[in-house]
Amino acid sequence: VSLVESGGGVVQPGASLNVSCAASGRAFYSYAVGWFRRAPGTEREFVSAISRSGESAYYADSVKGRFTISRDNAKEAAYLLMNNLKPEDTAVYYCAVGPLPVGDKRRYTFWGQGTQVTVSS
């Protein structure tokens, strides 16, 4: 599966962004999708994940209530709507696919190249 993220940018605190993950290659619907992020000097961390059907979603505590994950299997795409962005949300955001919607990055098989999100006044 090939994954391409888009929709990142530079925004002010409190703004919203909707980042997308476009998939191609093989049976996107058969994979769970995860979003991760890496800020400079830190490890890649879990942000959110969604099950194959889209019925179950999971969030890191730091984004719960502000971010919403979704997917459209017909379009082979996943999305991460980020509201009320904070400077600490600044990072490169990656989407990944794997068998289960878990927070362990080692459980994901395919990764995109990432999209930069910068939150700054």
Side-chain angles (χ1 to χ4, degrees):
V1 177
S2 176
L3 303 172
V4 179
E5 301 92 338
S6 62
V10 180
V11 297
Q12 292 188 337
S16 298
L17 273 178
N18 192 20
V19 292
S20 301
C21 175
S24 62
R26 131 175 32 154
F28 174 73
Y29 64 87
S30 68
Y31 293 98
V33 177
W35 283 96
F36 292 78
R37 66 187 182 186
R38 183 168 63 192
T42 69
E43 296 280 331
R44 193 174 300 195
E45 66 173 4
F46 171 73
V47 175
S48 182
I50 191 167
S51 61
R52 300 173 191 181
S53 65
E55 289 184 356
S56 299
Y58 307 90
Y59 299 93
D61 288 343
S62 59
V63 306
K64 202 171 292 183
R66 298 188 298 123
F67 290 12
T68 303
I69 191 172
S70 62
R71 66 187 296 164
D72 185 334
N73 286 341
K75 295 183 178 179
E76 295 192 317
Y79 310 95
L80 185 68
L81 174 61
M82 304 182 289
N83 292 322
N84 191 22
L85 283 160
K86 304 176 180 180
E88 53 263 42
D89 294 318
T90 295
V92 178
Y93 283 72
Y94 301 88
C95 67
V97 296
L100 294 172
V102 296
D104 185 349
K105 57 183 179 287
R106 297 170 298 180
R107 302 295 296 274
Y108 289 83
T109 311
F110 300 99
W111 290 81
Q113 293 300 306
T115 185
Q116 176 71 48
V117 172
T118 302
V119 185
S120 174
S121 55

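Residue numbers start at 1 and run along the sequence shown. As the structure is a computational prediction, the values presented were derived from the model and not from experiment.
Atom-to-atom distance recorded for Gln113:CD and Ser2:OG is 8.5 Å, nearest 0.5 angstrom.
Contact detail for Ala32 and Pro101: the closest heavy-atom pair is CB-N, 3.4 Å. Contact between Asp61 and Lys64 at its shortest, heavy atoms only, is OD1-NZ, 3.2 Å. Nearest heavy atom pair, residue Ile50 against residue Ser70, reads CD1-CA, 3.7 Å. Closest approach of Arg37 and Ala91 over heavy atoms only: CB-CB, 3.7 Å. In plain terms, the two heavy atoms of Val1 and Ala23 that are nearest each other are CG1-CB, 4.1 Å. Here the shortest heavy-atom pairing between Thr68 and Tyr59 reads CA-OH, 3.4 Å.
In terms of modelled atom types and a separation under 3.5 Å, the side chain of Thr90 and the main chain of Val119 share a donor-acceptor contact. The closest donor-acceptor contact from the side chain of Glu5 to the backbone of Val19 lies at 3.5 Å or more, if one exists at all. Of the possible donor and acceptor atoms, one in the side chain of Asn73 sits under 3.5 Å from a partner among the backbone N and O of Arg52. Arg44 contributes no side-chain N or O that, together with a main-chain N or O of Val92, makes up a donor-acceptor pair within less than 3.5 Å.
Applying the disulfide (SG to SG under 2.5 Å) definition to pairs two or more places apart or across chains, none involves residues 46-78. Screening residues 3-41 for ring pair (Phe, Tyr, Trp, His ring centres under 6.0 Å), with sequence neighbours left out, gives Phe36-Phe46, Phe36-Tyr108, Phe36-Trp111.
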Side-chain atoms of residues 77-84: list all donor-acceptor pairs with protein atoms under 3.5 Å, sequence neighbours left out, distances to 0.1 Å.
residue, atom, partner, partner atom, Å
Asn83, OD1, Ser16, OG, 2.8

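Residue Glu88 places its CD atom among more than 12 non-hydrogen atoms of other residues, nucleotides or ligands, all under 6.0 Å distant. In the displayed structure, Arg66 atom CZ is contacted under 6.0 Å by more than 12 heavy atoms of other residues, nucleotides or ligands.
Put simply, Val117 and Tyr94 are part of two different groups of oily side chains (I, L, V, M, F, W, Y) that touch within less than 4.5 Å, one to the next. Side-chain heavy atoms closer than 4.5 Å link hydrophobic residues (I, L, V, M, F, W, Y) into clusters, and following such links, possibly through other members, connects Ile69 to Phe67.
Between Cys21 and Thr115, every side-chain heavy-atom pair lies at or beyond the 4.5 Å cut-off.
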Do Lys75 and Ser20 pass the side-chain contact (heavy atoms from CB on, under 4.5 Å) test, and can you show the C-alpha distance, the side-chain angles, and the key distance before you say yes or no?
CA-CA 11 Å; Lys75 295 183 178 179; Ser20 301; over 6 Å; no
